[in-house]
Amino acid sequence: MDDKPAFARIPPWVKAKLRPIAIEKIQQVHDWVENECIPAERIYKAQLAASKTRWETPAIIHDLRKKAKAQGLWNLFLPNHFVESPGLTNLEYSCCAELMGRVYWAAQVSTSEHHTQL
């Protein structure tokens, strides 16, 4: 875990508390941001610029939501009592949230939107 970029900024005391499921999800989120979100930033900006209104969600967001859901990167923040929850603690989720923060809309593609049906 220590030699992987996904865990480079996580303090040792936090690493000591991570369960295997969290380690797996943190690595998945890192790979997701690196391989899907960062490369899609220029597409997002172009689609946003071409929008007719400021309320239009770029198509890339809808596409990435479908991919995120299929990869199990969906609603990672949900507490254990939800069936859809991956079971992360707040501490474990915070590691994922920090990685998603590298692209300001990355968390948006990993959560449901009430008016979007997938």
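Contacts of Ile38 classified as side chain to side chain contact (heavy atoms under 4.5 Å, CB included), with partners at least two apart in sequence or in another chain: Val33, Glu34, Glu41, Arg102, Val103. Contacts of Pro79 classified as side chain to side chain contact (heavy atoms under 4.5 Å, CB included), with partners at least two apart in sequence or in another chain: His81, Phe82.
Within the model, atoms CG of Asp31 and CG of Leu99 stand 9.5 Å from one another, a figure rounded to the nearest 0.5 Å. Note that the CG atom of Asn75 and the CG atom of Leu88 stand 11.5 Å from one another [nearest 0.5 Å]. Between the OG atom in Ser85 and the CH2 atom in Trp74 there is a gap of 14.5 Å [rounded to 0.5 Å]. For the atom pair OG of Ser110 and CZ of Arg65, the computed distance is 9.5 Å after rounding to the nearest 0.5 Å. In this structure, CD in Gln28 is found 5.0 Å from CD in Glu24, a value given to the nearest 0.5 Å. Put simply, CG on Leu76 and SG on Cys96 are 5.5 Å apart, with the number rounded to the nearest 0.5 Å.
Residues Lys25 and Gly72 share a closest heavy-atom pair of NZ-O, 2.8 Å. Between Trp32 and Ala68, the shortest heavy-atom contact is CH2-N, 3.5 Å. Nearest heavy-atom pair, Ala107 versus Met100, reported as atom, atom and distance to 0.1 Å: CA-SD, 3.7 Å.
Counting non-hydrogen atoms of neighbouring residues, nucleotides and ligands closer than 6.0 angstrom, the CG atom of Asn35 exceeds 12 such neighbours.
For residues 47-64, no pair satisfies salt bridge (charged side-chain N to carboxylate O under 4.0 Å, His left out), with sequence neighbours left out. For residues 71-95, every residue pair satisfying the salt bridge (charged side-chain N to carboxylate O under 4.0 Å, His left out) rule, not counting sequence neighbours, is listed here: Arg19-Glu92.
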Under 3.5 Å donor-acceptor pairs involving side-chain atoms of residues 42-50, not counting sequence neighbours:
unit_1: Tyr44; atom_1: OH; unit_2: Tyr104; atom_2: OH; d: 3.4
unit_1: Gln47; atom_1: OE1; unit_2: Ala59; atom_2: N; d: 3.1
unit_1: Gln47; atom_1: OE1; unit_2: Ile60; atom_2: N; d: 2.8

For a quick test of your reading: what N or O donor-acceptor pairs under 3.5 Å do the side chains of residues 6-15 make, sequence neighbours left out?
unit_1: Arg9; atom_1: NE; unit_2: Glu98; atom_2: OE2; d: 2.9
unit_1: Arg9; atom_1: NH2; unit_2: Glu98; atom_2: OE2; d: 2.9
unit_1: Lys15; atom_1: NZ; unit_2: Asp2; atom_2: OD1; d: 3.0
unit_1: Lys15; atom_1: NZ; unit_2: Phe7; atom_2: O; d: 3.3

